[in-house]
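Here the structure is a predicted model, which is why all the values come from computation and not from measurement. The chains referred to below are lettered A, B, ... by the order of the sequence lines, with proteins before strands, and numbering in each begins at 1.
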Protein chains: 2
Amino acid sequence: MLSKKTKYGIKAMAYIARKKDRKPVQASEISESENISQKFLESILLELRKSMFLGSKKGKGGGYYLIKEPADIKMTAVIRVLEGPIAMVPCVSLNYYEKCDDCPDEKTCSVHKLMIQVRDASLEVLGDNTLQDIATFDQ
Amino acid sequence: MLSKKTKYGIKAMAYIARKKDRKPVQASEISESENISQKFLESILLELRKSMFLGSKKGKGGGYYLIKEPADIKMTAVIRVLEGPIAMVPCVSLNYYEKCDDCPDEKTCSVHKLMIQVRDASLEVLGDNTLQDIATFDQ
DNA sequence: TTCAAAACCTAGTAAACCGATAGGATATAA
DNA sequence: TTATATCCTATCGGTTTACTAGGTTTTGAA
């Protein structure tokens with residue numbers, strides 16, 4: 001299951017991407033428009049800024065803005081930062097690999113075998129989609 | 001992330017499927033061979049029996065056995081019973097659908113759009129794989 | 001120079017979930 | 001009758017989740 005944090009984070013980035021001008025967007029505006037608790041959203045936007053997806057400006061007229069073009073932001077990257085591994089099992093994760101305690105041999109593990117396939121399928125979808133793709137309504 | 005429950009459940013079913021004869025397999029044997037806490041495994045096997053994947057026999061020489069052929073058990077079914085929805089967001093789930101509180105319109109939701117694709121990709125993999133496929137070592 | 005608006009930071013917290021464990025009751029084959 | 005196995009209920013410590021509270025700091029504009 002996707003956490004609310006990740007869900008809200010994606011929605012927020014999509015909201016910012018949808019704005020034609022590149023002026024900073026305030027957390028309060030996103031919070032209202034997307035029905036997200038403002039304080040919670042603030043912490044998420046902060047994290048996205050620290051992960052170099054967003055820039056920010058303090059004070060009046062400040063807010064958050066995209067650093068890169070929406071078409072250059074892969075959803076794999078966003079999800080990895082907010083949610084963590086894309087794989088459903090650590091022993092199959094490319095970026096967060098961890099050996100299972102119980103499993104003596106990954107090569108003969110039935111779960112491993114299956115989850116590799118699921119990972120690859122998810123990776124393909126999430127790697128193909130950019131923020132641009134999901135932010136736009138048309139098509 | 002896949003829960004240990006699901007992981008253990010799949011491993012246990014694969015273990016049972018791998019046995020050539022169809023004699024009941026004891027929880028203790030699976031627990032030892034697959035390094036799973038016996039009590040925890042018991043509860044999982046029980047659940048799998050109640051969900052009509054396994055049959056059981058009590059007393060000496062008892063244990064658990066498959067009701068259907070491994071080739072007829074799709075991994076989608078197993079995962080749905082043990083883990084719940086395959087979709088990463090309830091609003092995209094086929095079997096466990098739930099509307100999001102925050103989302104006024106699914107058709108214009110960027111997360112929805114993306115997660116539909118992920119769901120379909122996962123569904124294809126898990127629907128193609130049967131217990132037979134993942135239990136066998138060869139290939 | 002003051003004020004208000006915004007991001008930024010730290011801490012806490014209630015509730016749910018997870019991965020077990022405990023302690024038996026019940027059924028069955030030998 | 002006994003050992004063996006499933007079956008059942010309850011509990012529990014730890015972690016995570018989804019926030020909330022209560023501020024500090026920076027900045028633009030009046």
Side-chain angles (χ1 to χ4, degrees), chain A residues 1-12 16 23-32 34-67 82-85 88-90 96 98 100-102 111, chain B residues 1-12 16 23-32 34-67 82-85 88-90 96 98 100-102 111:
Chain A
M1 277 289 152
L2 211 67
S3 65
K4 301 252 175 182
K5 183 175 121 186
T6 305
K7 187 182 163 197
Y8 294 162
I10 294 175
K11 280 190 164 192
I16 297 173
K23 269 185 268 178
V25 185
Q26 290 105 23
S28 62
E29 180 186 335
I30 303 173
S31 146
E32 231 174 286
E34 300 288 323
N35 302 304
I36 305 169
S37 141
Q38 179 166 345
K39 279 290 194 181
F40 190 28
L41 180 61
E42 273 181 24
S43 71
I44 298 167
L45 292 170
L46 206 57
E47 200 174 327
L48 285 169
R49 197 216 64 191
K50 287 180 179 167
S51 309
M52 306 297 292
F53 285 107
L54 300 176
S56 68
K57 236 186 113 183
K58 283 185 175 183
K60 205 167 195 174
Y64 294 92
Y65 52 89
L66 292 174
I67 289 181
L82 293 172
E83 189 78 5
M88 294 187 77
V89 165
Y96 300 81
E98 234 173 289
C100 303
D101 334 332
D102 56 300
V111 174
Chain B
M1 277 290 153
L2 211 66
S3 66
K4 301 251 176 185
K5 184 175 122 187
T6 304
K7 186 183 165 197
Y8 293 162
I10 294 175
K11 280 191 165 193
I16 297 173
K23 269 187 269 180
V25 185
Q26 290 106 21
S28 61
E29 181 186 334
I30 303 172
S31 145
E32 231 174 286
E34 300 289 324
N35 302 305
I36 305 171
S37 143
Q38 178 165 344
K39 278 290 194 180
F40 190 27
L41 179 62
E42 274 180 23
S43 70
I44 297 167
L45 293 171
L46 206 58
E47 200 174 328
L48 285 169
R49 197 217 64 190
K50 288 181 180 165
S51 309
M52 306 296 295
F53 285 107
L54 299 177
S56 68
K57 237 186 110 183
K58 284 184 175 183
K60 204 169 196 174
Y64 294 91
Y65 52 90
L66 291 173
I67 288 180
L82 293 171
E83 189 79 5
M88 294 187 76
V89 165
Y96 300 81
E98 235 174 288
C100 302
D101 334 333
D102 55 301
V111 174

If I take atom [atom1] in residue [X] and atom [atom2] in nucleotide [N], what distance separates them, rounded to the nearest angstrom?
| X | N | atom1 | atom2 | value |
| --- | --- | --- | --- | --- |
| A:E42 | C:dT10 | CD | C1' | 13 Å |
| A:L45 | D:dA18 | CG | P | 16 Å |
| B:E47 | D:dC7 | CD | P | 13 Å |
| B:F40 | D:dC12 | CZ | C1' | 14 Å |
| A:E83 | D:dT16 | CD | P | 13 Å |
| B:Q26 | D:dT4 | CD | C1' | 9 Å |
| B:I44 | D:dC7 | CD1 | C1' | 15 Å |
| A:L46 | D:dT20 | CG | P | 17 Å |

When you check the phosphate oxygens OP1 and OP2 of [N], does a side-chain N or O of [X] lie under 4.0 Å from one of them?
| X | N | answer |
| --- | --- | --- |
| B:Y64 | D:dC7 | yes |
| B:S3 | C:dC17 | no |
| A:K50 | C:dC9 | yes |
| B:S28 | D:dT4 | no |
| B:Y8 | C:dA20 | yes |
| B:S37 | C:dT21 | yes |
| A:K57 | D:dG28 | yes |
| A:R49 | C:dC8 | yes |

Residue mapping more 5' on DNA chain D - nearest nucleotide basis, A:G59 or B:K60 =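 Mapping each residue to its closest nucleotide by heavy atoms, the 5'-most match is B:K60.
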query = Nearest nucleotide by nearest heavy atom, which residue falls closer to the 5' end of DNA chain D, A:G61 or A:K4?
reply =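 With A:K4 and A:G61 compared, the 5'-side residue is A:K4.
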inquiry  = I'd like to know if the side chain of B:S51 and the backbone of B:E47 have a donor-acceptor N/O pair within less than 3.5 Å.
reply    =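 Side chain of B:S51 to backbone of B:E47: a pair is present.
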ask   = Between B:Q26 and B:G62, is there a donor-acceptor pair closer than 3.5 Å when you use the side chain of the first and the backbone of the second?
value =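 It does hold such a pair.
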inquiry  = Return whichever of B:K58 or A:Q38 has its heavy-atom-nearest nucleotide of DNA chain C closer to the 5' end.
reply    =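 Whichever sits nearer the 5' end wins; that is A:Q38.
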key: Carboxylate-amine/guanidinium proximity below 4.0 Å for B:K5 and B:E83   =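 Salt bridge absent between B:K5 and B:E83.
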inquiry  = A quick test of your reading: do over 12 heavy atoms of other residues, nucleotides or ligands sit less than 6.0 Å from CD of A:E98?
reply    =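 Not buried by this count: 12 neighbours or fewer within 6.0 Å.
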task = Can you establish whether the number of heavy atoms outside A:Q38 located under 6.0 Å from its atom CD is more than 12?
result =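 Counting neighbours around CD of A:Q38, more than 12 heavy atoms of other residues, nucleotides or ligands fall under 6.0 Å, so yes.
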